[in-house]
Amino acid sequence: RCATAGSCANGRHGSARRRRRPPRTTPTSQATSSSATPWRCSAPPRRHGTRAIAPRWPDWWGPTCSWSAKGWHNRVEVLADPTVRYVGITNREDDDEDRAVVRIDAKLRAYVIDSNGNKVMRTGEQDETIGLVENNLLGTASNAAVRYRKDPDRSSVTLSFRRRRLFVGRIGLGLQYENRSDGRLAGLSLEQPFFATTSLRAFRFDAEDHDERVLRFRDGLDLPRDTLTRRFTLVRGSAAWAVHASSSGYLRMGLMAQLRRDDTLRVGSTGEFPRSVTSSLGPYLVWNRSRFLVTRGYAGFAREEDVDLGTTVRVGLQLAPKPFGYERNGVAPEMSGRVGAKLPAGFAYIDALANGLYTAAGLDSGSVQLAGTVVLQPSHRHVAVLHAEGGWLKDPVPGEEFDLGLGTGPRAFGSHSFTGDRSFFATAEYRYTVVDDLAGLVGIGIAGFVDHGGAWYSGSPRRTGSSTP
């Protein structure tokens with residue numbers, strides 16, 4: 001499933017009926033040996049009609065909150081002995097920049113107990129997540145993970161394994177199984193990717209099977225308006241070849257085919273569970289002109305980062321005839337792209353994605369998404385980031401509507417605060433680096449931000465919200 005225009009450009013293809021969800025960032029918390037975890041104190045949002053404004057303290061302010069006056073107590077439990085996972089040494093021309101970095105993982109549980117004995121999570125978090133990730137299993141360059149997650153919707157245990165060059169030094173394998181309190185998900189992938197712009201061929205095979213509960217939220221309510229059972233199966237394969245390949249770019253063509261089942265039934269219904277199977281087949285073309293910028297301080301501290309400012313365009317067409325299980329003969333065009341540019345004091349890039357299923361009756365379903373980012377770095381300690389994105393969906397699959405909240409969209413709101421088939425989000429963030437590399441272990445900085453965005457259903461009042469420190 002292509003989540004962004006960039007992932008489509010790397011050779012992965014979506015389905016004729018699959019709708020793309022907006023780009024999401026799922027931060028993975030790293031366990032550390034310190035219990036001084038930064039916590040934030042947020043005042044209740046001030047709501048005016050369908051618009052809400054919620055102040056929020058930045059990360060560095062949390063420890064000054066008067067918890068004792070509230071009767072709150074911080075709890076950080078180390079559940080297992082720390083383990084050294086990574087040791088890195090950097091040797092630069094200037095001896096002052098030499099450093100060694102050690103990554104230590106430990107299993108922790110962190111939360112706050114309020115005066116009533118209830119657990120209070122970090123701002124923007126509503127779940128307890130415990131995980132173990134091994135990035136070099138037994139020295140084989142394999143990634144293995146076990147994660148436990150509990151949030152307001154469900155609890156789950158996830159097992160995953162991935163190795164990029166498992167067979168004949170080129171073919172990778174990925175496996176994942178997620179056991180949920182209300183269903184299960186399983187997935188398998190076998191892939192030989194384009195390892196470089198000069199690679200000549202690639203292929204990918206995917207298989208997914210879901211038996212899950214879908215919660216549909218509206219109007220920012222905490223309880224779902226509708227609950228469905230979804231049975232989803234997808235088998236998909238693609239192969240691609242480089243018509244032209246060089247270090248400066250490439251032109252690739254490929255072919256993708258898939259077989260899919262996607263049915264839902266309202267929980268409590270006495271009717272028979274529906275069963276529909278569809279398939280599609282079609283070519284795609286990807287053109288790229290490579291251009292990378294080396295920068296520092298954008299995505300992390302004390303390291304050089306490569307930013308893709310090249311131009312990538314992908315076009316594709318899936319054939320969805322009636323004999324393949326559709327109600328009518330149809331075609332599903334797709335177009336995605338990315339373009340970037342270097343600015344006098346930074347850089348910028350734009351991502352775009354559009355797809356849809358067209359029949360003789362017109363547009364059956366589809367999506368359009370557009371996002372732009374501007375990064376200004378007047379000096380190595382100062383970074384300003386401006387980002388805006390918007391999306392439009394027609395007839396989305398249940399559970400794949402836009403869903404902002406809990407880390408996606410305006411940062412002061414809880415999960416499912418804004419849902420619908422129309423969405424936009426804009427943010428401005430300023431960061432100042434106090435210490436880029438403290439003792440070769442951590443960086444320290446402060447940041448301020450302003451967010452505004454929301455989501456709503458076509459024909460319903462527009463619902464938006466804002467958040468500030």
Side-chain angles (χ1 to χ4, degrees), residues 1-8 14-15 17-27 45 47-54 56 124 126 151-153 214-222 224-226 228 334-338 349-357 363-374 385-429 449-468:
R1 183 188 310 175
C2 279
T4 67
S7 63
C8 291
S15 65
R17 287 282 299 177
R18 172 75 69 176
R19 254 68 73 204
R20 281 28 182 298
R21 302 198 71 178
R24 308 188 75 121
T25 301
T26 306
R47 300 191 176 274
H48 305 279
T50 61
R51 183 178 176 87
I53 301 176
R56 178 180 177 183
Q126 294 187 8
D151 60 35
D153 296 339
V214 175
L215 305 176
R216 307 187 75 182
F217 294 84
R218 292 190 68 128
D219 304 325
L221 299 178
D222 294 333
R225 182 170 179 174
D226 200 5
L228 308 173
E334 175 196 13
M335 183 173 182
S336 61
R338 178 187 175 98
Y349 54 88
I350 296 174
D351 291 286
L353 170 65
N355 60 22
L357 175 63
L363 179 63
D364 175 81
S365 58
S367 69
V368 176
Q369 297 174 37
L370 180 67
T373 302
V374 176
V385 181
L386 308 175
H387 175 81
E389 62 184 63
W392 170 92
L393 300 175
K394 177 178 173 58
D395 189 24
V397 171
E400 296 198 358
E401 303 88 352
F402 295 119
D403 189 345
L404 304 187
L406 191 58
T408 301
R411 281 171 266 193
F413 296 88
S415 58
H416 316 302
S417 292
F418 308 99
T419 56
D421 52 20
R422 305 290 188 269
S423 173
F424 82 93
F425 172 64
T427 182
E429 183 171 308
F449 63 87
V450 177
D451 295 337
H452 182 67
W456 61 95
Y457 286 93
S458 176
S460 299
R462 179 176 298 186
R463 299 190 67 255
T464 63
S466 300
S467 58
T468 60

Side-chain heavy-atom pair Arg422, Tyr457 within 4.5 angstrom cut-off = no
Go through the structure and list residues passing ring pair (Phe, Tyr, Trp, His ring centres under 6.0 Å) with Phe217, not counting sequence neighbours.
-> His416
Under 4.5 Å between any side-chain heavy atoms of Leu404 and Phe413, yes or no?
-> no
For Leu386, does the CG atom have more than 12 heavy-atom neighbours from other residues, nucleotides or ligands under 6.0 Å away?
-> yes
Partners of Asp226 by salt bridge (Lys or Arg N to Asp or Glu O under 4.0 Å), sequence neighbours excluded?
-> Arg266
Please answer whether the main-chain N or O of Arg411 pairs with a side-chain N or O of Ser467 as donor and acceptor at a distance below 3.5 Å.
-> yes
Between Thr419 and Asp403, is any side-chain donor less than 3.5 angstrom from a side-chain acceptor?
-> no
Looking only at atom types and distance, does a side-chain atom of Asp219 sit under 3.5 Å from a main-chain N or O of Leu221, one as donor and one as acceptor?
-> no
Are any non-hydrogen side-chain atoms of Asp421 and Glu401 less than 4.5 angstrom apart?
-> no
Among all residues two or more places apart in sequence or in another chain, which pass the ring pair (Phe, Tyr, Trp, His ring centres under 6.0 Å) test with Phe424?
-> His452
Keeping the roles fixed (side chain from His387, backbone from Ala428), state whether a donor-acceptor pair exists under 3.5 Å.
-> no
Do the side chains of Ser367 and Asn355 get nearer than 4.5 Å, heavy atoms only?
-> yes
